[in-house]
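Below, chain A is the first sequence line, B the second, and so on; all start at residue 1.
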Number of protein chains: 2
Amino acid sequence: MSDRTDDLGFSPAKMGRAGEDVALQIEAAILDGKIQPGESLPSERDLRDQFQTGRGVIREAMRALKEKGLVEIRKGAKGGAFVKEAEVKNASESLALFLKQRDVDPCCLVEFRESIDRTITILAIARSDEASKRQLEANAEKMASLLVNGDPDMATLAEMDRELNIQLAGMSKNPIFQWIMQAIQLGFSSHDDCLYADPYFRKETVANWQETTRQIAANEPMRALSSIGRHYALLLDCLQTRKETS
Amino acid sequence: MSDRTDDLGFSPAKMGRAGEDVALQIEAAILDGKIQPGESLPSERDLRDQFQTGRGVIREAMRALKEKGLVEIRKGAKGGAFVKEAEVKNASESLALFLKQRDVDPCCLVEFRESIDRTITILAIARSDEASKRQLEANAEKMASLLVNGDPDMATLAEMDRELNIQLAGMSKNPIFQWIMQAIQLGFSSHDDCLYADPYFRKETVANWQETTRQIAANEPMRALSSIGRHYALLLDCLQTRKETS
DNA sequence: GAGTTCCAAATGGTACGACAATTAAATAGA
DNA sequence: TCTATTTAATTGTCGTACCATTTGGAACTC
């Protein structure tokens, strides 16, 4: 049980790249489990003494660890840097950032997404429990109900679409698929918006989500895949239409 | 052509979370293309004036951007923060960190790779030209020849394995598959090493690569997929064996 | 003129000190 | 007992000075 004043094996930081050094030592301590998630590191001033350096160096190192998603920093008394449970979100943001900086052909993205979506669907049917499947179906139902109420809030629909995708990815019980799916949703949800901008595609897409989730809940993999195929056919059509009009 | 003294749209940082604010503004400027890769940001002292804040805040923001892989920092005259070309390495490391901290089962990674490998193979057969296919086959042949010469250099074999995977991914003509494959190869090739450490698995794996590339060159997708399946069955067996002995 | 050496400027890296802002806990008061 | 206030601990910010490294030019030597 590492407390705030514990003597972790921190050695004085080397000159020139002290910030790097400090960050690496603390990261190693976290990865070695010397500090458990939920516990806090010593205060910046304590760390400054342990590393025999300036407070600015410690702050830079903390900033780096925070960016990596390793710690969470709280202000005030009893504040400090608390070791965080690893979240797939950080890794996803990193991938999304990379994808954003490259301008990638939307068709390539659709192709890729369809590929992993099919696998995810198969895995979700095989591995997730009945409750999850019904929850997924209910969420698709909820999206459909929003539509009939004459409330075509595009932002809300797109958000629900993202959540359905991520929820489904989680049901695959494989964190790597979650990684990819979240990254795609973070970086390229704008392409999906076109599906919900047009009344026809909006109606078809929502109905397709209902069909897909229904087949998943019914443990019908082939029919679910067929429905997935329809989804991406719609998306490609929609992108094609948009390209022609622009 | 943004020069070091250009007036980018930076507004004074808000108190309380100035570091965040600065980092976000600069990141937005980079993502909007206001600063092109290779160009440099203003010096820390200039930025301090533009944001009307302290230099420590700027340094923390820079550290965050550096951690995200957005900039590269050089010391000395004509030094500063230079916008970097996006690298897949960062996303890879981020995922590796997550998987390590959460102690994710290697089988998840194998499952994921098999999934996209199958799609890549189909696409490669459909889209790549005959020359590429023959080149791929030749490279597998070369690996086999290394084996018969009684020169079991594990590092070389693993490297050739990586190259075969990336080459195949490139033949899919979809850059996303290529990036994902690179990310996986960068961060997690260590698992594959076990295939080449054991004489039996080494022999089988190399023979399997020959078979796979041969079927790809022959435009036989189903047989190629069958061979791919064999590859991952071997990998799972190998991991299982390793787990039992440890 | 060519090459070398040396120095000065620019820039990131470090250290230190002071104060502000925020938060949890202790304390005083009703 | 409950509430309001104070207090202490901690992060967040600012400023200054100085060190280390790199570049480029100036001065010097051959």
Item to complete: Test D161(A) against W209(A) for side-chain hydrogen bond (donor to acceptor under 3.5 Å, both in side chains), laying out the working first.
Response: CA-CA 9 Å; D161(A) 187 294; W209(A) 262 118; 3.1 Å; yes
Just the rounded figure in Å: distance from [atom2] of [N] to [atom1] of [X].
X      : N       : atom1 : atom2 : result
D21(B) : dT13(D) : CG    : C1'   : 14 Å
E60(B) : dT14(C) : CD    : P     : 13 Å
F51(B) : dG15(D) : CZ    : P     : 16 Å
F82(B) : dG12(C) : CZ    : C1'   : 12 Å
E44(B) : dC18(D) : CD    : C1'   : 15 Å
I58(A) : dG13(C) : CD1   : C1'   : 14 Å
Q52(B) : dG12(D) : CD    : C1'   : 18 Å
E20(B) : dG12(D) : CD    : C1'   : 12 Å

Discussion item. To the nearest 0.5 Å, what is the distance between CG on L123(A) and CE on M171(A)?
Written reply: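 With rounding to 0.5 Å, CG (L123(A)) is 11.0 Å from CE (M171(A)).
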Practice prompt. Kindly compute the distance separating CG (L235(A)) from CD (E114(A)), expressed to the nearest 0.5 Å.
Written response: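 Interatomic distance, L235(A) CG to E114(A) CD, rounded to 0.5 Å: 9.5 Å.
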Worksheet entry | For A144(A) against V206(A), the heavy-atom pair lying closest together |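 Closest pair (atom of A144(A), atom of V206(A), distance): CA-CG1, 3.5 Å.
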Worksheet entry | Minimal non-hydrogen separation, L168(A) against I120(A), with atom names |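 Looks like O-CG2, 3.5 Å.
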Worksheet item: If each of G54(A) and I73(B) is mapped to the nucleotide of DNA chain C with the nearest heavy atom, which maps nearer the 5' terminus, i.e. the 5' end?
Response: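 Result of the comparison: I73(B).
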Practice prompt. Record whether the side chain of R55(A) comes under 3.5 Å of the base of dG12(D) through a donor-acceptor pair of N or O atoms.
Written response: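 Donor-acceptor pair under 3.5 Å: yes.
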Worksheet item: Less than 3.5 Å between a donor and an acceptor, one on the side chain of R48(B) and one on the base of dG15(D), is that the case here?
Response: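 Checked by distance alone, the answer is no.
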Item to complete: Looking at every strand, decide which applies to R17(B) at a 4.0 Å heavy-atom threshold: base, sugar-phosphate, or nothing.
Response: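 The answer is sugar-phosphate, as R17(B) gets under 4.0 Å only of primed atoms, P, OP1 or OP2.
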Worksheet item: Is R74(B) touching bases, backbone alone, or none of the nucleic acid, heavy atoms closer than 4.0 Å?
Response: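 Sugar-phosphate, backbone atoms only, no base.
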Each nucleotide N or O in nucleotides 23-26 of chain C that has a protein N or O under 3.5 Å away: list the pair and distance.
unit_1: dT23(C); atom_1: O2; unit_2: A77(A); atom_2: N; d: 2.9

Worksheet item: Aromatic ring centroids of F98(A) and W179(B) under 6.0 Å?
Response: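 Between W179(B) and F98(A), which both carry aromatic rings, the centre distance is below 6.0 Å.
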Fill in: Proximity to the side chain of R59(A) - top-ranked nucleotide from dG12(D), dG13(C), dC14(D)
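Closest nucleotide among those given: dG12(D).
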Item to complete: Flag this pair as yes if the NZ/CZ of R74(A) is under 6.0 angstrom from the six-membered ring centre of F82(A) and inside a 45 degree cone about the axis; otherwise no.
Response: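 Yes, a cation-pi geometry.
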